[in-house]
Number of protein chains: 2
Amino acid sequence: MSGETWSPPAILIAVDLVILTLRSSELHVLLVERGTEPYRGQHALPGGFLNTADEDIVDAALRELREEANLDLSRLHLEQLGAYGGPDRDPRGRVISIAYLAIAPELPEPVAGTDAARALWTPAADPLSRTTRLAFDHDQILADGIERARTKLERTSLATAFCPEPFTLSDLQQVYEAVWGVRLDQGNFYRKVRGVPGFVLPAGEVRRPTKGRPARLYKAGPRTTLHPPVVRPTLP
Amino acid sequence: MSGETWSPPAILIAVDLVILTLRSSELHVLLVERGTEPYRGQHALPGGFLNTADEDIVDAALRELREEANLDLSRLHLEQLGAYGGPDRDPRGRVISIAYLAIAPELPEPVAGTDAARALWTPAADPLSRTTRLAFDHDQILADGIERARTKLERTSLATAFCPEPFTLSDLQQVYEAVWGVRLDQGNFYRKVRGVPGFVLPAGEVRRPTKGRPARLYKAGPRTTLHPPVVRPTLP
DNA sequence: CACCCTTCCTGTCTAGTTGACAAGAAGATA
DNA sequence: TATCTTCTTGTCAACTAGACAGGAAGGGTG
């Protein structure tokens, strides 16, 4: 970093959020319908501009989430995806956006706030096969967010963040299957998960309202990094 | 992203670079000695501010590298590490820095440029055990860059980017050992690398100026993602 | 030319892990 | 009781990683 002082170029800083959750065993992402130009009426990731020069970036992200979808995710961990700053990504001028990823268990239906006309959960089907395009470069940001979540499932206990506690190992398996888009063998999954020390801890036992044998309940263990990792099946 | 228009907060955008290379089988990072306040005289990562509102961020990174160390890395891939934007990271005001990682084979000795008093290669020993602290939050950025390089060695052909072509498999092994900070069994390493399709391709055969049996030469193969991955020994 | 030294390369053995699949356990329901 | 569903455990073959030995291919030295 050089030490000159001169009149700064006019660059706006924005934040964008990729909020993922599981709804009826499918991966969903939170989108808003834009209420203002540009891209009015199109879907976009929730986000907005930094208010003041000394506002923390994560705080700005949480604030925008409150304003646009009436959601409070201040307890959740926001993981930074990176900065998206192509010179032409916003027709209004130079905007550099810093994107964050968050994983949430069951969430209330979002309500539209001030800036956005509508907020809604949409299936996060493989971004390449999406029919509708998102505003700005948000298709790219969403794809990066999903890919980040996929790789983080392997080496971190992120999957438990999708599950309201207590959860069964079948619940946990559904998370992996939904995010990775694959089917896993139940027996092998049990062996693997229970063989990772500190991944999950037993709780009581409760029968689920479904049919079949009752499932044991677990809660998230103390470990955040998994050894050995839970690797996804190799594709090529 | 919301659509308001108002006077933008005064925020400066900077770029910082983590340039890693191997020198005499040890991992080194390019640092500059700052020639201006703040942190004058202290070591820092090369980098600087965006010149104009429409300058591409990667272009700015390469330009700063030319200015500060007379290095041209325009052929190299710059991977973004993320944005570092804590409100108090720079005493001059609000600065958000976007950090990039680059891997380079043998490079010429850098020469100090305009902004920096001196540019030099320093051993990138484990950042925690460093004796000198870098300026700003560059210790954190450097640590993140090294960690990113470590994980990328497992699943990408990044290691070949450290090696001038053609290289021997011993050269390649030294890359893994230096970046990971571990010793690997030579025989097992051979078996592993040659078992990954498209990782390395044979070239001619040349005896190295050292003693011992001549080594076969290879060049980087077409694959950038490795299947199966080259996993590092598990620590815990 | 023996002989040793160094480094490269290949082979073998064991222990552990993965994937496929079967079978038992524990409830609900007819 | 029989049957259905789902959870849980067990088994077996195929594969992989780590440890290690030993041969191959040069150079150096008497």
Side-chain angles (χ1 to χ4, degrees), chain A residues 24-25 153-155 159 163 166-178 180-197 199-219 226-236, chain B residues 24-25 153-155 159 163 166-178 180-197 199-219 226-236:
Chain A
S24 52
S25 303
L153 280 195
E154 298 194 40
R155 298 181 168 274
C163 298
F167 51 84
T168 70
L169 293 194
S170 290
D171 295 338
L172 197 63
Q173 183 177 345
Q174 284 189 354
V175 173
Y176 280 92
E177 293 182 335
W180 284 349
V182 297
R183 295 284 305 171
L184 302 174
D185 180 275
Q186 202 173 22
N188 295 335
F189 185 79
Y190 272 57
R191 185 187 353 127
K192 195 75 177 70
V193 167
R194 306 201 50 191
V196 182
F199 187 12
V200 294
L201 298 176
E205 168 166 350
V206 169
R207 81 181 63 103
R208 298 302 219 139
T210 70
K211 329 213 170 229
R213 174 175 175 178
R216 279 191 281 233
L217 290 174
Y218 296 85
K219 58 188 182 193
L226 305 184
H227 290 278
V230 180
V231 289
R232 55 178 145 171
T234 55
L235 319 163
Chain B
S24 53
S25 302
L153 280 195
E154 298 194 39
R155 299 180 166 275
C163 298
F167 50 84
T168 70
L169 293 194
S170 289
D171 294 339
L172 197 63
Q173 183 176 347
Q174 285 189 352
V175 173
Y176 279 92
E177 292 181 336
W180 283 348
V182 296
R183 295 284 306 171
L184 302 174
D185 180 277
Q186 202 173 22
N188 295 335
F189 185 79
Y190 273 57
R191 188 195 339 133
K192 196 74 177 72
V193 167
R194 306 202 49 190
V196 181
F199 187 13
V200 294
L201 298 177
E205 168 165 350
V206 167
R207 81 180 62 102
R208 297 302 217 141
T210 69
K211 331 218 166 220
R213 175 177 175 176
R216 280 190 279 231
L217 291 174
Y218 296 85
K219 57 188 181 191
L226 305 184
H227 290 279
V230 181
V231 290
R232 56 178 144 171
T234 54
L235 320 163

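To find a chain, count down the sequence lines: A is the first, B the second, and so on, and within it residues start at 1. Model, not experiment: these values are computed from the prediction.
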Between atom [atom1] in [X] and atom [atom2] in [N], what is the gap in whole Å?
X       : N       : atom1 : atom2 : result
E154(A) : dT17(C) : CD    : P     : 17 Å
R208(A) : dT6(D)  : CZ    : C1'   : 13 Å
Y218(A) : dC7(D)  : OH    : P     : 12 Å
D185(B) : dT12(C) : CG    : P     : 16 Å
D171(A) : dC7(D)  : CG    : C1'   : 12 Å
Y190(B) : dT7(C)  : OH    : P     : 12 Å
F189(A) : dC21(C) : CZ    : C1'   : 18 Å
R194(B) : dG11(C) : CZ    : P     : 10 Å

Closest to side chain of K211(A), choosing from dT29(C), dG24(C), dT9(D): dT29(C)
For G195(A), which contact category applies under a 4.0 Å heavy-atom criterion: base, sugar-phosphate, or nothing? nothing
When we call it a touch if two heavy atoms are under 4.0 Å apart, what does T168(B) touch: a base, just sugar-phosphate, or nothing? nothing
Spell out, as yes or no, whether a donor-acceptor pair under 3.5 Å connects the side chain of Y176(A) to the backbone of L153(A). yes
Any donor-acceptor pair under 3.5 Å linking the side chain of K192(B) with the backbone of G187(B)? no
Could you list the donor-acceptor pairs under 3.5 angstrom formed between side-chain atoms of residues 201-208 of chain A and any protein atom two or more places apart in sequence or on another chain?
from: R208(A); atom 1: NH2; to: D171(A); atom 2: OD2; distance (Å): 2.7

Give a yes/no on whether any side-chain N or O of Q186(A) is located under 4.0 angstrom from OP1 or OP2 of dC7(D). yes
Between R207(A) and dT5(D), does any side-chain N or O lie under 4.0 Å from OP1 or OP2? no
Sequence neighbours left out, what passes ring pair (Phe, Tyr, Trp, His ring centres under 6.0 Å) with Y218(B)? Give chain and number order. none
Could you go through nucleotides 12-17 of chain D and list every protein N or O atom that sits under 3.5 Å from one of its N or O atoms, giving the distance for each pair?
from: dA17(D); atom 1: N7; to: R191(B); atom 2: NH1; distance (Å): 3.1

Verify side chain to side chain contact (heavy atoms under 4.5 Å, CB included) between L226(A) and E154(A), making sure each step is shown before the conclusion. CA-CA 8 Å; L226(A) 305 184; E154(A) 298 194 40; over 6 Å; no
To the closest 0.5 Å, what do you measure between CD (Q186(A)) and CZ (R191(A))? 13.5 Å
Closest-nucleotide 5' rank along DNA chain D - winner of G212(A) and R216(A): G212(A)
Can you list the steps and then say if R232(A) with L184(A) is a side chain to side chain contact (heavy atoms under 4.5 Å, CB included)? CA-CA 9 Å; R232(A) 55 178 145 171; L184(A) 302 174; over 6 Å; no
